[in-house]
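First up is the structure itself, then whatever we jot down about it.
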Number of protein chains: 4
Amino acid sequence: MSNHPEEKTSFIAEARREQIMNGAIATLDEIGYAQSSLSQIAKRAGVSTALISYHFVDKSDLMNHLLMKLMERSATYIMDRVAQATTARQKLDTFIEASLAYQGTNPAHYIALLEIVFHARTPDNISYYRVEDDEDVIQHELQQILREGQATGEFSSFHVEVLASMIQGAVGEYMSSAAITRQVDLETYGQELIRMVRTITIRTEGIS
Amino acid sequence: MSNHPEEKTSFIAEARREQIMNGAIATLDEIGYAQSSLSQIAKRAGVSTALISYHFVDKSDLMNHLLMKLMERSATYIMDRVAQATTARQKLDTFIEASLAYQGTNPAHYIALLEIVFHARTPDNISYYRVEDDEDVIQHELQQILREGQATGEFSSFHVEVLASMIQGAVGEYMSSAAITRQVDLETYGQELIRMVRTITIRTEGIS
Amino acid sequence: MSNHPEEKTSFIAEARREQIMNGAIATLDEIGYAQSSLSQIAKRAGVSTALISYHFVDKSDLMNHLLMKLMERSATYIMDRVAQATTARQKLDTFIEASLAYQGTNPAHYIALLEIVFHARTPDNISYYRVEDDEDVIQHELQQILREGQATGEFSSFHVEVLASMIQGAVGEYMSSAAITRQVDLETYGQELIRMVRTITIRTEGIS
Amino acid sequence: MSNHPEEKTSFIAEARREQIMNGAIATLDEIGYAQSSLSQIAKRAGVSTALISYHFVDKSDLMNHLLMKLMERSATYIMDRVAQATTARQKLDTFIEASLAYQGTNPAHYIALLEIVFHARTPDNISYYRVEDDEDVIQHELQQILREGQATGEFSSFHVEVLASMIQGAVGEYMSSAAITRQVDLETYGQELIRMVRTITIRTEGIS
DNA sequence: CATGAATGAGCATTCATTCAT
DNA sequence: AATGAATGAATGCTCATTCAT
């Protein structure tokens with residue numbers, strides 16, 4: 001009857017894959033990667049374990065797809081906001097603000113992303129966080145902003161890679177450390193971080 | 001037979017526990033937390049799995065003891081060096097330098113520590129990195145240094161908790177991100193980081 | 001719509017059943033009975049697994065139909081050739097020759113037949129090769145030839161069932177044993193076998 | 001206490017392995033190879049499935065060990081009896097007799113052997129019965145006897161490999177075909193088989 | 001007629017743990 | 001103090017089968 005049979009089929013399958021991935025996010029958030037068995041994921045997704053095997057080649061296939069999805073979503077969130085800024089300074093502030101805001105927007109997604117990145121392994125048993133990832137668009141974008149600011153003369157001279165790494169570390173630390181999360185609220189943390197980064201990047205008269 | 005049965009026992013037992021923990025460190029470093037079964041640990045420690053169960057009440061007990069040991073060792077390494085510095089500025093620089101140096105000193109220990117912190121869970125299924133840890137002496141020491149510098153007037157006015165968190169994040173990021181590890185060597189990273197923190201903490205004329 | 005719905009249905013259905021059975025033959029030949037899952041068979045038949053369940057009540061039903069088909073094909077091949085011979089001697093020689101030739105004609109069919117006979121089971125868990133099969137027309141035909149030869153005086157006196165069994169065993173052995181297949185070619189094997197059987201069945205003067 | 005600690009340990013383990021293999025024999029005999037899951041074997045062996053995995057690397061390791069054991073036992077049974085005969089004729093008769101007798105001695109063992117040989121596969125998915133087996137000592141011994149008889153002049157001229165194959169086929173057929181088993185008893189079958197083989201191998205005056 | 005979607009049952013295997021020695 | 005032996009529970013995964021479409 002339908003004139004779009006393939007699309008309909010594809011749509012159902014895609015909906016199930018989405019449903020399963022959401023179950024996986026909930027599982028990773030609640031009990032962590034090491035405990036996230038297929039049956040735990042299936043329980044939270046409201047499907048049978050066999051259905052996961054039906055829609056994904058194997059467990060690592062599921063985790064890979066989920067990782068991509070989460071990285072993409074996070075990257076999109078940040079990039080969309082950065083794209084609306086014009087000067088390098090605005091972009092940099094927006095980048096930091098958005099990076100932190102994303103964590104607050106959907107903590108479970110962020111936690112799930114952390115759990116996969118820190119726990120999943122390549123077939124060679126190399127941890128993801130030890131793999132150099134050329135596709136880390138976020139890190140690349142941040143370096144791009146810093147270089148642009150230096151090129152236009154907005155920013156002072158500093159080591160781009162190290163500052164980028166420092167910013168990423170500071171942003172990630174907020175969710176990785178329960179202590180700071182409880183002592184400082186997200187907004188304040190963002191403002192203070194932006195101020196500190198500004199101190200480092202600001203152009204002062206008579207300084208190279 | 002021995003006239004010091006408890007002590008001798010305790011000594012041998014302690015040696016075995018040490019041996020098992022070293023096996024666990026090697027295992028965590030090589031194959032990661034999720035794959036680190038008791039039998040994998042036993043293999044690397046050169047003992048039977050049953051012996052691990054004999055010396056530790058259960059697997060999480062082993063991981064807890066190992067985590068404490070690794071945190072203590074790391075803390076000692078850093079604190080010992082910081083203790084030799086006199087001014088807050090010297091202490092702060094030394095803290096950053098030592099924190100990074102420790103990662104290079106014994107990468108396997110550092111990786112093992114990361115693996116436990118990011119993967120192990122309390123009985124309530126709360127991830128360690130989400131537990132507020134009053135015993136995080138390192139974080140406490142860093143804040144102490146920053147406050148001391150502000151009190152003596154060496155440092156400018158800044159948000160102590162945020163800067164401490166930023167420094168911790170930047171230090172941790174070096175080992176967590178393969179990209180930066182390959183682009184910048186440890187020494188350069190340390191020097192640049194110190195320079196940036198100095199920019200933030202330095203007292204400028206006419207600024208509150 | 002059609003005025004011969006059953007027949008048309010029957011025809012298409014029969015074609016599909018044939019297609020599935022050919023897939024089953026290929027599967028049995030390539031990966032053996034134990035590995036021949038419905039999905040493996042479906043893959044080789046170019047249909048979905050569900051279609052197999054639609055055309056056969058269950059897996060054993062498929063195997064039963066296939067077994068019959070293969071036995072029938074094998075019997076026809078042999079019987080057609082034997083029917084053209086006139087004397088018992090000619091029939092016997094032709095029987096042996098044709099039995100061996102069939103193996104060479106379509107090895108995959110013969111392998112598939114062996115795989116089913118030796119691996120499939122009745123619902124009572126009785127192996128096919130332990131089931132007394134009244135419908136084993138080939139065995140029956142062979143015994144018929146031997147008895148006919150004895151009746152006409154062409155053949156000497158011997159134990160019909162044992163010789164029949166011996167011939168069947170010798171014929172089957174050729175494909176079941178890789179050693180003999182590689183040492184002796186099919187034609188030579190057949191010639192020698194015929195010569196030996198002739199020695200046993202030949203009528204000698206003065207011997208009962 | 002014991003002065004043979006290793007041997008005692010080894011003895012217990014060996015006893016368990018034996019027990020498990022006997023369970024496997026019973027399972028193969030009762031429900032066939034394709035249905036012989038570890039849990040079915042464990043049930044019949046009176047142990048847990050995990051214990052099978054503890055004593056054997058994996059399922060194929062168990063089957064390989066069992067196959068070797070069964071082949072060895074069968075070979076020993078036959079060879080021991082053949083060794084007591086002196087002339088080639090006596091050896092040949094004894095070989096046939098013993099080969100058949102072994103089937104009657106312990107039918108379950110013989111069935112189990114058949115089930116493995118016809119169902120198990122190498123890692124390359126090649127069926128055992130299609131693998132040329134240099135270690136088939138029984139087949140080798142039979143050919144040896146035939147050649148010896150020809151060398152001493154006891155036997156006539158015939159194709160050794162084909163007759164050996166024929167004998168093996170005839171012997172194997174007795175258990176593989178329910179029809180003959182029910183029609184002719186083992187002893188008669190043996191006697192008739194020996195008589196037929198004698199006709200083929202006997203030396204006649206004036207015949208090459 | 002044909003299939004994609006879905007599942008409960010079962011698979012081989014590994015797990016942390018206990019226990020007799 | 002130390003281990004081999006043993007197991008119940010859980011793992012990821014495949015199976016034959018059903019069903020809505």
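Note on naming: letters A, B, ... go to the chains in the order of the sequence lines (proteins, then strands), and numbering restarts at 1 for each one. Computed from a predicted model, the values in this text were never measured in an experiment. Quick note: numbers below take in every heavy atom, side chains included, and nothing from hydrogens, waters or symmetry partners.
In this structure, C:Ala50 and B:Ser60 both approach DNA chain E, and ranking their closest nucleotides by distance from the 5' end singles out C:Ala50. Position along DNA chain F of the nearest nucleotide to A:Ser36 versus D:Val47 favours D:Val47 as the more 5'-ward residue. Nearest-nucleotide positions on DNA chain E for A:Thr49 and C:Thr49 put C:Thr49 closer to the 5' end.
Atom-to-atom, CG of A:Asp58 to P of F:dG12 comes out at 11 Å; the value is rounded to the nearest Å. In this structure, A:Leu38 atom CG and E:dT7 atom P are separated by 14 Å, rounded to whole Å. As rounded to whole Å, 9 Å separates atom P of E:dC11 from atom NZ of D:Lys43. For C:Gln35 and E:dC11, the CD to C1' distance is 13 Å, given to the nearest whole Å. Whole-Å rounding puts the B:Gln40 CD to E:dA16 C1' distance at 14 Å. Between the P atom of E:dG8 and the CD1 atom of A:Ile52 lies a distance of 13 Å, rounded to the nearest Å. In this structure, CG of B:Asp61 is placed 14 Å from P of E:dA16, rounded to the nearest angstrom. Going from atom NZ of C:Lys59 over to atom C1' of E:dG10 covers 13 Å, rounded to whole Å.
For the pair B:Ser37 and E:dC15, the criterion of a side-chain N or O lying under 4.0 Å from OP1 or OP2 is met. Between D:His55 and F:dA6 there is a side-chain polar atom (N or O) within less than 4.0 angstrom of OP1 or OP2. Under 4.0 angstrom from either OP1 or OP2 of F:dA6 there lies no side-chain N or O belonging to D:Ser48. The side chain of A:Arg16 contributes no N or O atom lying less than 4.0 Å from OP1 or OP2 of E:dA5. In terms of phosphate contacts, A:Ser39 brings a side-chain nitrogen or oxygen within less than 4.0 Å of OP1 or OP2 of F:dT11. Of the side-chain N and O atoms in A:Tyr54, none sit less than 4.0 angstrom from OP1 or OP2 of E:dA6.
Of all heavy-atom pairs spanning D:Leu28 and D:Tyr33, the tightest one is CD2-CA, 3.6 Å. Listed here is the closest heavy atom pair of D:Ile20 and D:Leu51: CD1-O, 4.1 Å. Smallest separation of non-hydrogen atoms from C:Gln40 and C:Thr27: O-OG1, 3.7 Å.
Among the protein residues, A:Leu51 comes within range of the nucleic acid bases, having at least one heavy atom under 4.0 Å from a base atom. A:Ser53 comes within 4.0 angstrom of a base, heavy atoms only.
Other residues, nucleotides and ligands contribute only 12 or fewer heavy atoms inside 6.0 Å of the CD atom of B:Glu72.
Annotation: the span from A:Thr49 atom OG1 to A:Lys59 atom NZ amounts to 12.5 Å, rounded to 0.5 Å.
Put simply, the side chain of D:Met63 does not reach to within 4.5 Å of the side chain of D:His119, judged on heavy atoms.
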* Asked: Once Watson-Crick and G-U wobble pairs under 3.5 Å are found, how is DNA chain E written in dot-bracket notation, 5' to 3', with | for any base paired to another strand?
  -> .||||||||||||||||||||
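Using cut-offs of 30° and 60° on the angle between ring planes, the pair D:Phe118 and C:Phe118 is parallel.
By the 4.0 Å N-to-carboxylate-O rule, C:Arg17 lies close enough to C:Glu14 to be salt-bridged with it.
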